[in-house]
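First comes the structure, then the notes that go with it.
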Amino acid sequence: MTEAGRGADFLQLTPASAPARGLISWLAGAIRTAIIDGRLAAGTALPATRALAGDLGLSRGVIVEAYQRLADEGLVSARPGTGTRVSVLAPRDVRPVTDRERAGGWNGLPQPWRARAELDLSPGVPDLSGFPRAAWLRAERAVLEQASTADLGYGDPRGCGHLRAELTGWLARTRGLRTEPDDIIIVTGVAQALALLAQRLAAHEPADRATGHGPADRATGHGPADRATGYGPVRRAVTEVGVEDPGSRGSRDELAYWGLRPVPVPVDEHGLQVDALVRTGVRAVSLTPAHQFPTGVVLAPQRRRELLDWAAATDALIIEDDYDAEYRYDRAPVPALQASAPGYVAYAGSTSKTLAPGMRLGWLIPPPRLHAELVEAKRASDLGSPALPQLVLAQLIATGELEQHIRTVRKRQRSRRDALLGALAEQLPQACVQGIAAGLHLLITFPELAGRIEDTELAERILRAGVLVHPLSWHRQRPGVPGIILGYAVHTPDQLRAAVRRIALVMQQTSPAGR
C-alpha cells in the first residue's frame with residue numbers, strides 16, 4: 001500500500017465515503033478532526049497531494065485546497081522539501097473541566113467550561129495563523145545588525161525612543177492623535193495601561209480642606225481646569241470608575257483588581273449615555289469609543305462633546321481604550337478622543353489584535369498631569385518593556401510593512417465577517433445582529449427569549465453542539481436582553497457557516513415554537 005493509501009486509511013477515508021458535493025470541506029474536516037483528537041500528532045507528514053488524490057479518486061485541486069484551508073487555520077504548514085506536516089501549534093485533546101476552572105478563569109471571566117470546543121468563537125481573539133512571520137524575521141535581523149549595546153541595556157522606562165518616534169507619526173496618520181514622542185509610555189498592553197492608571201488614581205492624596213489644592217497643585221500653583229493641559233485645582237483619590245454596561249469584563253476586572261470600584265453606565269445605539277455618567281458622580285470613566293465592546297456602536301458626535309465637557313467641568317479622567325480601531329469595513333475611521341482633549345484623555349492601544357497578544361506591545365498616552373507619576377510607576381513595575389520587540393515594531397512601522405499587514409488581515413477578516421453575516425441571515429433571520437461595521441466580533445440578541453432562558457444556559461447548549469460563544473451577560477452588570485457574542489477572526493468562512501448551522505439548530509430547539 002502506498003504512503004497515501006496508509007494516510008487515507010488512517011483518516012478512515014475511502015472513495016465510497018466521499019460526498020457528491022462539498023469535497024473540499026469534507027476532506028478538510030476529516031483531517032481537522034484527526035488532528036484535534038490526536039490521531040495525527042504534531043509533526044506528522046500528510047500524504048502528498050497527488051498520491052492522496054489518486055488514492056481517493058479526487059482531483060488534485062481538491063486536495064491542494066483542503067490543505068490550504070488547514071494551513072490558513074494554522075493546523076498544518078508546508079515547506080519545500082518536507083511536504084505538508086501537522087503544525088506544532090495544533091490544538092490538544094479536549095480535557096475534562098476541573099472544579100477550579102468552573103469557579104473562574106485566569107482572565108477573570110466566569111467560565112463554566114474551559115474544554116476546547118470544536119469551533120471556538122470567543123471574541124477578542126485574533127487570527128494568529130496570520131502573524132507576519134517573514135516580515136517580523138526580516139525586521140528583527142535588520143534591528144540586530146543595527147542595534148547598539150545601549151539599545152539592549154536598561155533603557156528609558158518610557159520605552160525605546162525610536163519606537164515612540166515612529167508611533168507619533170503612525171498614530172497621527174491612523175488615529176488623528178496630537179502627541180510627541182516624550183508623551184508616549186510603552187506598556188505591555190492595554191491591561192498594563194489600565195493597571196498603571198488605576199494605581200495612580202487610587203493613590204492620590206486628599207486635597208487640602210483650606211486651599212482645595214492637592215499636594216502637586218500646591219507645589220505648582222495650578223489654577224482652574226483647562227482642557228488643553230488638564231490641570232485643575234483639586235487632586236483627590238479616586239475610588240470609583242465609570243465603565244460601559246455592557247462592556248469589557250476583562251477591563252472591568254482589571255480596574256477592580258487595582259482598587260477601583262466599577263460603576264456601570266448604560267450604553268445605547270449612540271454609545272455611552274453621558275447623562276447617566278454624570279448622575280453617578282464618578283470622576284473617571286473607561287470606554288471603547290471607536291468600536292464599543294461588545295455592541296460595536298461608535299460614540300456619537302454629540303455624546304463625544306458631552307463627555308469632553310463633563311471631563312473639563314469636573315476635572316475628570318477619560319480612559320480611552322482604542323479597541324479594534326484598525327478593523328473597519330463599512331465606515332470611515334473615527335478619530336480618537338485624545339485629539340480633542342489631550343489634557344483629560346488617557347489613550348491606550350496595543351498590537352494584540354493587529355499582530356498577536358503574545359507580543360505584549362502597547363502604548364499609553366496620558367494627560368500631562370499624570371505623565372511623570374505613570375513613568376515612575378512603570379519603572380517600579382518592570383524597569384521598562386523588552387527592548388528588542390520594540391525596535392522590531394519600530395522597523396515594521398518605518399518600512400510600511402505593518403500597514404501592509406493590517407490591510408491584508410482586514411481584507412481577510414471582512415470576507416469572514418461577510419460569511420458569518422450571510423449564514424446568520426439564512427439560518428437565523430430573526431436574530432438581531434449588531435456591530436457589523438468594524439471589529440472582529442458580532443453581537444446577537446434574542447429579545448423573544450427574555451424571561452424564558454438565561455443566555456449562559458443558551459451558551460452552554462451551544463457548547464454542547466460543539467461551538468463556544470460568550471453569553472452577553474458575562475459582560476454586563478445589570479439585567480438585559482439575552483445575547484451571545486461571536487468572534488469570527490480565527491475561523492474560515494466554511495467553519496463559520498458550520499458554526500451558525502449548529503447554533504441555529506440549538507435555537508430551533510430552544511425557541512417557544514420548537515419546544
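Keep in mind that this is a model prediction, so the values were computed, not measured.
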**Request:** Assess whether side chain to side chain contact (heavy atoms under 4.5 Å, CB included) is satisfied between I485 and L442, documenting all intermediate values.
**Result:** CA-CA 6 Å; I485 308 169; L442 299 177; over 6 Å; no
**Asked** Side chain of T174, backbone of W170: donor and acceptor closer than 3.5 Å?
**Response** yes
**Request:** Could you tell me whether the side chain of D245 and the main chain of Q477 form a donor-acceptor pair under 3.5 Å?
**Result:** yes
**Asked** Going from CD on Q404 to OG1 on T399, what distance comes out if it is rounded to the nearest 0.5 angstrom?
**Response** 9.0 Å
**Prompt:** Are the side chain of R360 and the backbone N or O of P357 linked by a donor-acceptor pair below 3.5 Å?
**Reply:** yes
**Message:** Tell me the closest heavy-atom pair linking L472 and V481, and the distance in Å.
**Reply:** CD2-O, 3.7 Å
**Message:** I'd like to know if the side chain of H405 reaches the main chain of L396, judged simply by a donor and an acceptor atom lying under 3.5 Å from each other, with no hydrogens or angles considered.
**Reply:** no
**Check ion pair E145-R141 (N to O, under 4.0 angstrom)** = no
**Message:** Donor-acceptor pair, distance only, cut-off 3.5 Å: does the side chain of R416 make one with the backbone of K411?
**Reply:** no
**Prompt:** Hey, are the side chains of M359 and F131 touching, using non-hydrogen atoms and a 4.5 Å cut-off?
**Reply:** yes
**Asked** What do the steps show when you test T492 against R412 for side chain to side chain contact (heavy atoms under 4.5 Å, CB included), and what is the final call?
**Response** CA-CA 9 Å; T492 64; R412 181 188 309 145; over 6 Å; no
**Fill in**
Rounded to the nearest 0.5 Å, the CG atom of L163 sits from the CG atom of L393 at a distance of 5.0 Å
**Request:** Work out which heavy atom in A311 is nearest to a heavy atom in Y344; give both atom names and the distance.
**Result:** O-CE2, 3.5 Å
**Prompt:** Has the side chain of R414 got a donor or acceptor atom that lies under 3.5 Å from a matching backbone atom of Y329?
**Reply:** yes
**Asked** Any side-chain heavy-atom pair from L355 and L402 closer than 4.5 angstrom?
**Response** yes
**Prompt:** Taking atom CG of L194 and atom OG of S248, what is their separation to the nearest 0.5 Å?
**Reply:** 8.5 Å
**Prompt:** Can D309 and R304 be counted as an ion pair, charged N to O under 4.0 angstrom?
**Reply:** no
**Carboxylate-amine/guanidinium contact R164 D183, below 4.0 Å** = no
**Prompt:** Can you tell me how far CG of L486 sits from CD1 of I462, rounded to the nearest 0.5 angstrom?
**Reply:** 7.5 Å
**Message:** Looking only at the side chains, is there a donor atom on one of Q192 and D382 sitting less than 3.5 Å from an acceptor on the other?
**Reply:** yes
**Request:** Go through the steps for K353 and D322 under the test salt bridge (charged side-chain N to carboxylate O under 4.0 Å, His left out), then give the verdict.
**Result:** CA-CA 11 Å; K353 303 298 186 297; D322 207 16; over 6 Å; no
**Message:** Regarding D268 and R303, does a basic nitrogen lie under 4.0 Å from an acidic carboxylate oxygen?
**Reply:** yes
**Message:** Please determine whether side chain to side chain contact (heavy atoms under 4.5 Å, CB included) holds for the pair V433 and L421, giving the CA-CA distance in whole Å, both sets of side-chain angles, and the decisive distance to 0.1 Å.
**Reply:** CA-CA 8 Å; V433 183; L421 283 176; 4.0 Å; yes
**Nearest heavy-atom neighbours spanning G159 and I186** = CA-CG1, 3.7 Å
**Asked** Which pair of heavy atoms, one from H371 and one from D182, lies closest together, and at what distance?
**Response** NE2-O, 3.0 Å
**Request:** Keeping the roles fixed (side chain from Q413, backbone from A489), state whether a donor-acceptor pair exists under 3.5 Å.
**Result:** yes
**Request:** Any chance you could lay out the side chain to side chain contact (heavy atoms under 4.5 Å, CB included) test for L364 and L197, step after step, and finish with the verdict?
**Result:** CA-CA 10 Å; L364 170 63; L197 288 165; 4.0 Å; yes
**Asked** Do the non-hydrogen side-chain atoms of L307 and L287 ever get within less than 4.5 Å of each other?
**Response** yes
**Asked** Hey, are the side chains of E373 and E376 touching, using non-hydrogen atoms and a 4.5 Å cut-off?
**Response** no
**Item:** Taking every non-hydrogen atom, the tightest pair across I185 and P157
**Value:** CG2-O, 4.4 Å
**Message:** Checking S415 against D418: is there a side-chain donor and acceptor pair closer than 3.5 Å?
**Reply:** no
**Message:** Surrounding CD of E454 (heavy atoms of other residues, nucleotides or ligands, distance under 6.0 Å), is the total greater than 12?
**Reply:** no
**Request:** Go through the steps to decide whether T288 and D321 satisfy the test side-chain hydrogen bond (donor to acceptor under 3.5 Å, both in side chains), and finish with yes or no.
**Result:** CA-CA 5 Å; T288 50; D321 178 354; over 6 Å; no
**Under 3.5 Å: donor-acceptor pair, side chain of S350, backbone of S352** = yes
**Item:** Interatomic distance, E320 atom CD to S340 atom OG [nearest 0.5 angstrom]
**Value:** 9.0 Å
**Asked** Does H441 have any ring-ring contact (aromatic ring centres under 6.0 Å, His included) partners at least two apart in sequence or in another chain, and if so, which?
**Response** H291, F293
**Given H470, E244, R252, the one that forms side-chain hydrogen bond (donor to acceptor under 3.5 Å, both in side chains) with H475** = H470
**Prompt:** How long is the gap from CZ on R283 to CG on L317, to the nearest 0.5 Å?
**Reply:** 10.0 Å
**Message:** Please check: side-chain N/O of R175 versus main-chain N/O of P335, any donor-acceptor pairing under 3.5 Å?
**Reply:** no
**Asked** What are the two closest non-hydrogen atoms of L361 and P389, and how far apart are they?
**Response** CD1-O, 3.8 Å
**Asked** Do any N or O atoms from the side chain of Q390 and from the backbone of C160 form a donor-acceptor pair under 3.5 angstrom?
**Response** yes
Using distance only, find each side-chain donor-acceptor pair of residues 256-266 under 3.5 Å and give its atom names and separation, not counting sequence neighbours.
from	atom 1	to	atom 2	distance (Å)
W258	NE1	E254	OE2	3.0
R261	NE	E240	OE2	3.1
R261	NH2	E240	OE2	2.3

